[in-house]
Amino acid sequence: MSGKPKLHYFNGRGRMEPIRWLLAAAGVEFEESYLEKKDDLTKLRKDGSLLFQQVPMVEIDGMKMVQTRAIANYIATKYNLYGKDLKERALIDMYVEGIFDLNELFMNYEIQPADKKEQHFANMMDKATNRYFPAFEKVLKDHGQDFLVGNQLSRADVQLLDIILMAEEFKPGILAKFPLLQSFKTRISNIPTIKKFLQPGSQRKPPTPEEDIPKVMEIFH
Ligand code: P9H
């Protein structure tokens, strides 16, 4: 055991990407074990590694953690990305849960049947532009600080940057009406650990190519 966290998932974003971002932002090196076929999932299930028979699973500090949010909470707390007190944690949790909701829409776009894609796309872009980004623009405007909570980097900043970059892949220019989110994006992207994660060759995953999605779904269904 190298002591480094070991991430078990398929070689793509899905539900594991926010966890990769948090570890990277905290400057924590991690290993990855990719599920490529159903047998890989079956093997993990058979040796009792998956509490609910599902991945993401992360081996960390002697635990085999499952459930994306539980894993993210543990990493954010361990690496001081969760605010300094209960009030800050409450704000961070509100912001992060909003981001997870938008991420659910983005994740499920990839696996929509062709005839539903356009409607799903319109809805997720509407929610990003008219519900979630306006909320975060206002948070930055109201306190005028560099970070969303507590005037220091937290998981809320890391996960907001993750979702902003995904939204821009879907619709470049989506931040046109959000000047504070534009400067936020640049500021957080220049934090050394995050800048390194945004470099080519990092463990950040690209969007799953359309033609590879059936192969990924085969692992789980
Ligand atoms: N609450 C992949 C890409 C995008 C969206 C979802 C899945 C849920 C958590 C096997 N794990 C396709 O459906 C794969 C979860 C975890 C949990 C799994 C089964 C999924 C996907 C793989 N499915 O947040 O961790 O849904 O293991 O038997 O349920 S991820």
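Read the numbers this way: they start at 1 and go in the same order the structure lists the ligands and their atoms. Residue numbers start at 1 and run along the sequence shown.
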Visitor: Between ligand 1 and Thr68, is the shortest N or O to N or O distance under 3.5 Å?
Guide: yes

Visitor: Check contact between His221 and ligand 1, using heavy atoms of the residue and a distance below 4.0 angstrom.
Guide: yes

Visitor: Quick one: does ligand 1 sit under 4.0 Å from the side chain of Arg15, the backbone, both or neither, non-hydrogen atoms only?
Guide: side chain

Visitor: Which option, Gln54, Met65, Gln67, owns the non-hydrogen atom nearest atom 29 (O) of ligand 1?
Guide: Gln54

Visitor: Give the residue and atom name of whichever protein heavy atom lies nearest to atom 28 (O) of ligand 1, and the separation in Å to one decimal.
Guide: Arg45 NH2, 2.8 Å

Visitor: Please state which option from Asn103, Val55, Val216, Asn108 has its nearest heavy atom closest to atom 16 (C) of ligand 1.
Guide: Val55

Visitor: For atom 18 (C) of ligand 1, which protein heavy atom lies nearest, and how many Å away is it?
Guide: Phe220 CD2, 3.7 Å

Visitor: Does Met217 approach ligand 1 within less than 4.0 angstrom via side chain, backbone, both or neither, non-hydrogen atoms only?
Guide: side chain

Visitor: Any idea which part of Tyr9 is under 4.0 Å from ligand 1, heavy-atom wise: side chain, backbone, both or neither?
Guide: side chain

Visitor: Return yes if a side-chain donor-acceptor contact under 3.5 Å exists between Tyr34 and Glu32, otherwise no.
Guide: yes

Visitor: Between Phe220 and Tyr9, what is the ring plane arrangement, given parallel below 30°, perpendicular above 60°, and tilted in between?
Guide: tilted

Visitor: Less than 4.0 angstrom from a charged side-chain N to a carboxylate O is my criterion; do Arg131 and Asp126 meet it?
Guide: no

Visitor: Could you tell me whether the side chain of Asp162 reaches within less than 4.5 Å of the side chain of Val158, counting heavy atoms only?
Guide: no

Visitor: Do Lys127 and Glu104 meet the salt-bridge criterion of a basic N to acidic O distance under 4.0 Å?
Guide: no

Visitor: Nearest 0.5 Å, please: how far is CG in Leu105 from CE in Met124?
Guide: 8.0 Å

Visitor: Before you tell me yes or no, could you show the steps for Phe170 and Tyr109 under ring-ring contact (aromatic ring centres under 6.0 Å, His included), namely the whole-Å CA-CA distance, both residues' side-chain angles and the distance that decides it to 0.1 Å?
Guide: CA-CA 10 Å; Phe170 283 119; Tyr109 172 70; 5.5 Å; yes

Visitor: For Arg15 and Asn103, which I'm curious about, is there any donor-acceptor pair between the side chains at under 3.5 Å?
Guide: no

Visitor: For ligand 1, which part of Lys38 has a heavy atom less than 4.0 Å away: the side chain, the backbone, both, or neither?
Guide: neither

Visitor: With distance as the sole criterion, is a donor-acceptor pair present between the side chains of Tyr82 and Asp93 under 3.5 Å?
Guide: yes

Visitor: Under 4.0 Å from a heavy atom of Pro56: give me the atoms of ligand 1 that qualify, with their elements.
Guide: 25 (O)

Visitor: Give yes or no for whether the N/O distance cutoff of 3.5 Å, strictly under, is met between Gly14 and ligand 1.
Guide: no

Visitor: Tell me whether Glu104 reaches ligand 1 (any heavy atom closer than 4.0 angstrom to a ligand atom).
Guide: no

